[in-house]
Amino acid sequence: MAKKSNKTKKNVSGENDSWLFKAIHGRMLSTDFFVKNWGKILCMVIMLLVFITNKYNCQTRMETIQSLTRQLEVVKTERIRERSKYMSRTRETGMQELVDSMHLNLHIQERPPFQIKY
């Protein structure tokens, strides 16, 4: 009977507690731990805050880059379309001037050609 009472006394006094029990009840990290390691803890907190800030800045800049890339693609296609229209007009004008200088009496057709379906 004496052995049984020793086991119960160990659990009550807290000598044989598990690490989970200590963590739940706050016995794992005492105030002595924080007093001894305050510099390391402060450094870790600052590094964590810098990491979070850096990640947020990186994500916002990536979104900005994606938005600007989409806008660039739109501007490039617009530029190609306008260049094509300009080149078409300059060729057309040059050909019209050549036809007029040769007095062939030809003109630009108003309606585009169409195919006859049979």
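What you see is a predicted model; the values in this text were computed from it and never measured. All heavy atoms count here, side chains included; hydrogens, waters and symmetry mates do not. In this chain, residues are counted from 1 in sequence order.
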What residues, two or more places apart in sequence or in another chain, satisfy ring pair (Phe, Tyr, Trp, His ring centres under 6.0 Å) together with Phe21?
His25
From Met62 atom CE to Ser67 atom OG, the distance as rounded to the nearest 0.5 Å:
13.5 Å
Within this structure, what is the NZ-CZ distance for the pair Lys76 and Arg79, rounded to the nearest 0.5 Å?
8.0 Å
Mind checking side chain to side chain contact (heavy atoms under 4.5 Å, CB included) for Glu82 and listing every partner two or more places apart, or none if nothing turns up?
Lys85
By side chain to side chain contact (heavy atoms under 4.5 Å, CB included), which residues pair with Asn37, not counting sequence neighbours?
Phe33, Lys40, Ile41
Roughly how far, to the nearest 0.5 Å, is CG of Asn57 from CD of Gln59?
10.0 Å
Paired with Tyr56, the side-chain contact (heavy atoms from CB on, under 4.5 Å) test is passed by just one of Thr60, Asn54, Thr53, namely Thr60
Among Ile, Leu, Val, Met, Phe, Trp and Tyr joined by side-chain contacts under 4.5 Å, find the other residues sharing a cluster with Ile46 and list them by chain and number.
Trp38, Leu42, Val50
Following the transitive rule for hydrophobic clusters with a side-chain heavy-atom cut-off under 4.5 Å over Ile, Leu, Val, Met, Phe, Trp and Tyr, establish whether Val99 and Met102 coincide in one cluster.
yes
Can you name the side chain to side chain contact (heavy atoms under 4.5 Å, CB included) partners of Ile65, sequence neighbours left out?
Thr69
Inter-residue atom distance Thr93.OG1 - Asp100.CG, 0.5 Å rounding
11.0 Å
Above 12 or not: heavy atoms from other molecules or residues under 6.0 Å from CZ of Arg81?
yes
Note: with side-chain heavy atoms under 4.5 Å as the link, the other cluster members for Met87 come out as Tyr86
Take Leu72 and Leu68 through the test side-chain contact (heavy atoms from CB on, under 4.5 Å) and record every step on the way to the result.
CA-CA 6 Å; Leu72 179 64; Leu68 292 174; over 6 Å; no
